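First the structure, in the form of structure tokens, and then the observations on it.
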Amino acid sequence: RRLHLTPANLVTNFHRSLEPGATARTLRKALPGAVMHAPLPATPAFGDEGAANHTRFHPAGEPGAPGVELFVYGRAGRDDAPTRFPARQTRAASEAIARRHGVHAAVFLRQAPEAIDAGVFHNDVIAVGNAHVLLHHEDAFAEPLDALEAACTQAGFALERWEVRRDEMSVAEAVRSYLFNGQLLSTPRGLELVVPEEAGEGAASKVLARLHAETSLAAVHRLDVRESMRNGGGPACLRLRVALGEGDVLHPGLVLTPEREAALDAWIGRHYRDRLAPKDLVDPALIREVREALDALTQLLDLGGDFYPFQRP
């Protein structure tokens, strides 16, 4: 009955493999009472992408109730991997996370290799779930969802599946529109879906209209996140969900208030460049500029004066 956290090792991409240390420090500050585990060993056998391949299901309106945790992986051995793009998540990594976190109801599903080769580098590009609902493409997984449905039934609730058929939207269209790379949010009105503007065009628009008419989906919100989309990220980049118990304390410096939002806006206006040229990368002044910005940010969020390596003696 304690919160366990493990930063993803992100070993598939070198530039992302540099992140886990800072992520661990952030999580320790944010949730000081949680059990913090080290990232899994930084080896391809334990390739771990974190929340992008994980979904927790629970009874509607009861996020604190015992639930079912779905871990989606792309590779278990050498023979089941895709051929065009790497499978970033391994089954061994998913099992290790479930084991060290003491997960009682864990289900492991394999991504369809064909979907990965079509550009589905994370499961959150082809599926999104929340509470008792899973929205997914027909070709998202390499195996039936019987085990997931059975685990949910055993946990005391029925899994509601919103499946998008391949004849109404191809995997390529799903990747292009980022329909599934949204957020399925619990609100007083029911489940509402936040998607990028691109999902309001073509086949994606028709799919959303059908889901709104045929399921319990209460509303769809389209947001302009084109700058993020051009860097390979949609609304799902903010999807990490951590269910907090009554005894879990959140660091007050990381709670968004109107005052802190205004302070962050001012920080962005003062420190965030709107352009960066190649010649700037060889200018030592850029290093000082970035460090001054980050030092100010750690003070604004009350993260302490030793959060980043450059702040330490």
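Residue indices begin at 1 and follow the sequence shown. Source: prediction; values computed, not measured.
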field: Under the side-chain contact (heavy atoms from CB on, under 4.5 Å) test, residues paired with Pro188 that sit two or more places apart
entry: none
- prompt: Does the cation-pi check pass for Arg25 over Phe307, that is, NZ or CZ under 6.0 Å from the six-membered ring centre and within 45° of its axis?
  reply: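 Yes, a cation-pi geometry.
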query: Which residues, ordered by chain and number, are linked to Ile287 in its hydrophobic cluster, where ILVMFWY side chains connect at heavy-atom gaps below 4.5 Å, directly or through other members?
result: none
- request: Share the residues that join Leu18 in a hydrophobic cluster, the rule being Ile, Leu, Val, Met, Phe, Trp or Tyr side chains under 4.5 Å apart at the heavy-atom level.
  value: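 Cluster partners of Leu18: Phe14.
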In residues 29-46, what donor-acceptor pairs under 3.5 Å come from side-chain atoms, sequence neighbours left out?
residue : atom : partner : partner atom : Å
Lys29   : NZ   : Leu303  : O            : 3.1
His37   : NE2  : His4    : ND1          : 2.9

Sequence neighbours left out, what passes salt bridge (Lys or Arg N to Asp or Glu O under 4.0 Å) with [X]? Give chain and number order.
| X | answer |
| --- | --- |
| Glu198 | Arg226 |
| Asp117 | none |
| Arg273 | Asp280, Glu289 |
| Glu192 | Arg189 |

- prompt: What residue pairs, at least two apart or across chains, pass salt bridge (charged side-chain N to carboxylate O under 4.0 Å, His left out) with a residue in residues 33-54?
  reply: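 Pairs touching residues 33-54 that pass the test: Arg16-Glu49, Glu49-Arg88.
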message: If the condition is ring pair (Phe, Tyr, Trp, His ring centres under 6.0 Å), which residues does Phe85 pass it with, not counting sequence neighbours?
response: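 With neighbours one apart ignored, the set is empty.
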message: Just to verify, what does His271 make a ring pair (Phe, Tyr, Trp, His ring centres under 6.0 Å) with, not counting sequence neighbours?
response: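 Testing His271 for ring pair (Phe, Tyr, Trp, His ring centres under 6.0 Å), a comparison that skips the adjacent residues, returns Trp267.
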task: Identify whether the distance between the nearest side-chain nitrogen and carboxylate oxygen of Arg312 and Asp306 falls below 4.0 Å.
output: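 Result for this pair is no, no salt bridge flagged.
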message: Show me the pairs that pass side-chain hydrogen bond (donor to acceptor under 3.5 Å, both in side chains) and involve residues 60-71, at least two apart or across chains.
response: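 side-chain hydrogen bond (donor to acceptor under 3.5 Å, both in side chains) check on residues 60-71 returns His54-Glu69.
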